[in-house]
Amino acid sequence: QVQLVESGGGLVQPGGSLRLSCAASGDIFSINTMAWYRQAPGKQRELVAVITSGGYTNYADSVKGRFTISRSNAKNTVHLQMNGLKPADTAVYYCNAKIRTTNSYTGRYWGQGTQVIVSS
């Protein structure tokens, strides 16, 4: 059994910063990619950033230059540093990971989400 738990969301003013974290736990053998998605009310979920096991990163155009994704492999944790936040960044942010379990099952797992509200 694998769980992903996000933290770090909250209310911030435009131009402010937040750092999101997501920790994976459970019967983990290895983690391939880790990613952050977000979903605003009435909109589809979109990919924000992804990082591979080797550290390769990719970002949505809307956040490129403002957000940074990183991971701590020893702690099975992924972070999203968000700077220069805009009201359009308001959404529930979800982490996602492709994980191989100790019984050799590979699948994608989702966290429960953490709310980010950017407002003055």
Side-chain angles (χ1 to χ4, degrees):
Q1 192 172 15
V2 173
Q3 303 85 35
L4 301 180
V5 179
E6 302 99 333
S7 61
L11 175 65
V12 64
Q13 292 186 333
S17 298
L18 285 173
R19 184 175 176 85
L20 306 183
S21 298
C22 175
S25 62
D27 301 326
I28 298 170
F29 179 80
S30 63
I31 301 178
N32 188 352
T33 58
M34 303 188 81
W36 287 96
Y37 289 76
R38 67 186 182 187
Q39 188 166 24
K43 296 185 178 180
Q44 291 186 318
R45 187 173 300 181
E46 63 175 342
L47 178 66
V48 177
V50 61
I51 185 167
T52 69
S53 60
Y56 178 85
T57 60
N58 212 345
Y59 299 90
D61 289 342
S62 59
V63 307
K64 192 174 182 64
R66 299 186 297 121
F67 291 10
T68 302
I69 189 171
S70 61
R71 63 192 288 170
S72 299
N73 291 332
K75 299 177 65 176
N76 292 330
T77 300
V78 63
H79 305 279
L80 186 68
Q81 179 66 46
M82 305 186 294
N83 299 325
L85 284 163
K86 305 174 180 179
D89 296 319
T90 296
V92 177
Y93 285 70
Y94 300 89
C95 68
N96 176 268
K98 186 177 182 180
I99 296 173
R100 183 182 181 183
T101 63
T102 54
N103 65 352
S104 297
Y105 176 79
T106 299
R108 291 189 177 274
Y109 297 85
W110 291 91
Q112 82 290 341
T114 185
Q115 177 72 251
V116 172
I117 300 175
V118 184
S119 176
S120 59

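None of these values were measured; they are calculated from a predicted model. Each residue takes its place number in the sequence, starting with 1.
Residues Ser53 and Lys98 are not in side-chain contact: their nearest non-hydrogen atoms beyond the backbone lie 4.5 Å or more apart. The shortest distance between side-chain heavy atoms of Asn76 and Ile99 does not fall below 4.5 Å. Side-chain contact check for Met82 versus Val116: some heavy-atom pair is nearer than 4.5 Å. Put simply, the side chain of Arg38 reaches to within 4.5 Å of the side chain of Val63, judged on heavy atoms. Side-chain contact between Leu85 and Phe67 is present, with at least one heavy-atom pair separated by less than 4.5 Å. Between Glu6 and Leu20 the shortest side-chain heavy-atom distance does not fall below 4.5 Å.
Note on Tyr109: it clusters hydrophobically with Val78, by side-chain heavy-atom contacts below 4.5 Å among ILVMFWY residues. Note on Tyr93: it does not cluster hydrophobically with Trp110, by side-chain heavy-atom contacts below 4.5 Å among ILVMFWY residues. Leu4 is connected to Ile51 through a chain of hydrophobic side-chain contacts under 4.5 Å among Ile, Leu, Val, Met, Phe, Trp and Tyr, so both are in one cluster. Taking hydrophobic clusters as Ile, Leu, Val, Met, Phe, Trp and Tyr residues chained together by side-chain heavy-atom distances below 4.5 Å, Val50 does not share a cluster with Tyr59. Ile117 and Tyr37 sit in two unconnected hydrophobic clusters of ILVMFWY residues. Membership requires side-chain heavy atoms under 4.5 Å apart, directly or through other members.
Closest of all the heavy-atom pairs between Ser21 and His79 is OG-ND1, 2.9 Å. When all heavy atoms are compared, the tightest approach of Asn96 to Arg108 is OD1-NH1, 3.3 Å. Of all heavy-atom pairs between Gly8 and Leu18, the closest is O-CD2, 3.8 Å. The two residues Ala91 and Ala40 come nearest to each other via the heavy atoms CB-N, 3.8 Å. The two residues Arg100 and Ser104 make their nearest non-hydrogen contact at NH2-OG, 3.5 Å. The two residues Asp89 and Gly84 come nearest to each other via the heavy atoms OD2-O, 4.4 Å.
In this structure, SG in Cys95 is found 11.5 Å from CZ in Arg71, a value given to the nearest 0.5 Å. One finds the CG atom of Asn58 at 7.5 Å from the CG atom of Leu47 (value rounded to the nearest 0.5 Å). Here the SG atom belonging to Cys22 is positioned 8.0 Å from the CD atom belonging to Gln112, to the nearest 0.5 angstrom. The distance from the CG atom of Leu11 to the OG atom of Ser120 is 9.5 Å, given to the nearest 0.5 Å.
Side-chain atoms of Thr90 come within 3.5 Å of backbone atoms of Val118 as a donor-acceptor pair (strictly under, hydrogens ignored). Formation of a donor-acceptor pair under 3.5 Å by the Thr114 side chain with backbone atoms of Gly9 is found in this model. Side chain of Asp27 to main chain of Gln1: a donor-acceptor pair is present (N/O by atom type, distance under 3.5 Å, no hydrogens or angles).
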Would you mind writing out the side-chain donor-acceptor pairs for residues 28-36 within the sub-3.5 Å range, not counting sequence neighbours?
none

